[in-house]
Protein chains: 2
Amino acid sequence: MGRWEPDAVGRLRTAALELFVERSYEQTTVADIAERAGLTARTFFRHFPDKREVLFQGSERLEQTMVDALLQTPDGVSAMTAVATAMGAAGSYFGDIQAFARRRRDVIAMNAELRERELIKLAKLSASLADALAQRGIDAIEARLAAETGMAVFRLAFDLWLADGEHRRFDAIAADLLRRLARLAPGA
Amino acid sequence: MGRWEPDAVGRLRTAALELFVERSYEQTTVADIAERAGLTARTFFRHFPDKREVLFQGSERLEQTMVDALLQTPDGVSAMTAVATAMGAAGSYFGDIQAFARRRRDVIAMNAELRERELIKLAKLSASLADALAQRGIDAIEARLAAETGMAVFRLAFDLWLADGEHRRFDAIAADLLRRLARLAPGA
DNA sequence: GTCTATAGGGCGATAGAC
DNA sequence: GTCTATCGCCCTATAGAC
């Protein structure tokens, strides 16, 4: 046993989600979160740059997973195929955390600031995918177009994945949406 | 002459953009903005729900313009064609405000909170377009897919429109990107 | 760990326009 | 009288500085 209880970050994360569910994000102060985790507000801010981030830290790992998958696709595959592969990797990453993801989604849906933060995380992810595509020799604009479009599919797939009664895996839903998109696009 | 100088909102907007350019968003307090506009901080918050919003209020009009254009497309046009029409309306709406838009873009690019706010405005726009499409009888998921994809194109087109040396109109750029997207998508 | 500036909300007062 | 835009003062929580 060390001098402190272990896993301060994990305890803060758990405490935060619990409190946000119990009494909403706005009605929870950083001091409340820290107290439940047995820490002080000052300690909270040493682990998270701001109050919102306690729900979002960890997205770097998803990003890395998707970028890695994209970069490992064989040479010569199309931009959209590479993006589809990255989406498949996200599916494996998500696995069966639906119950947790649903609680988290509900908290985020109720608060504008949290929705903003979620969007910027996805925008970062999009930029990383575009970089990775460009790194593979794809034209810069085409790379951004494919990445942004891919993220549009990602957002919608994530939403559907968490919908009531949905039983398919994330990547199956994403693949289905990509197919529908292909049918949609030629009209322009 | 009334008791107060007219157009408090306009004065606050101008003062804010000036100060953000002069000394950055972070280094400008709401009191600074209000002072330059000849008002107090309390009055600022009566017109804008928060400090960020002073740069974004007005986006409702763009949204209305695009939704109206979308709804006025003839019956039977495809989802992507309707979205393309909305994009064309946005082009007319933007007209020749490039100089202003560039200053605004530079301020926003320098601050994470402002980027977040911009993203949520675009997400709202996307949701409105999806609603409008659904209202026209398009399947709900297809509507969201088309709207999200359209917004991906919108974001990129806006970016390119403000790039140095760009001389085309916004809608010309958007139309070009939609064409490129159509070529990209079938690969999936 | 303490100290502080700023965001942003609540409530009431005021001074015009009508 | 009402309605509306402004200001003043109080407050708390966030988040950064020291």
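As a basis for the values below, the full set of heavy atoms in this structure was taken, side chains included, without hydrogen atoms, waters or symmetry mates. Just so we're on the same page: letters track the sequence lines, and every chain starts at 1.
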Residues 7-26 of chain A vs ring-ring contact (aromatic ring centres under 6.0 Å, His included), sequence neighbours excluded, gives A:Phe20-A:Tyr25
Between [X] and [Y] (salt bridge meaning N to carboxylate O under 4.0 Å), is one present in this structure?
X        : Y        : answer
B:Arg144 : B:Glu142 : no
A:Arg155 : B:Glu148 : yes
A:Asp176 : A:Arg179 : yes
B:Glu116 : A:Arg52  : yes
A:Arg180 : B:Asp139 : yes
B:Lys51  : B:Glu26  : no

To the nearest angstrom, the CG-P distance between A:Asn111 and C:dG8 comes to 13 Å
Outermost contacting nts on DNA chain D, any atom under 4.0 Å from chain A heavy atoms, listed 5' then 3', are D:dA13 to D:dC18
Could you check whether B:Ala8 gets within reach of a base, just the sugar-phosphate, or nothing at all, counting any heavy atom under 4.0 Å?
sugar-phosphate
With sequence neighbours left out, the residues meeting side chain to side chain donor-acceptor pair (under 3.5 Å) with B:Arg42 are none
Ordered by number, residues from residues 47-57 of chain B within less than 4.0 Å of DNA chain C (heavy atoms) are B:Pro49, B:Asp50, B:Lys51, B:Arg52
Under a 4.0 Å heavy-atom cutoff, the residues of residues 14-30 of chain A touching DNA chain D are A:Thr28, A:Thr29, A:Val30
Expected list for residues 34-45 of chain B near DNA chain D, using heavy atoms below 4.0 Å, is B:Gly38, B:Leu39, B:Thr40, B:Arg42, B:Thr43
CG (A:Leu19) and CD (A:Glu35) are apart, to the nearest 0.5 Å, by 9.5 Å
The side chain to side chain contact (heavy atoms under 4.5 Å, CB included) partner of B:Leu12 among B:Arg36, B:His47, B:Gln57 is B:His47
From the list B:Val153, B:Leu129, B:Leu70, B:Leu177, side chain to side chain contact (heavy atoms under 4.5 Å, CB included) with B:Met87 holds only for B:Val153
Parallel, tilted or perpendicular, judged at 30° and 60°: which one describes the rings of B:Phe170 and B:Trp161?
perpendicular
Do side-chain atoms of B:Arg105 reach the backbone of B:Leu162 as a donor and acceptor pair under 3.5 angstrom? yes
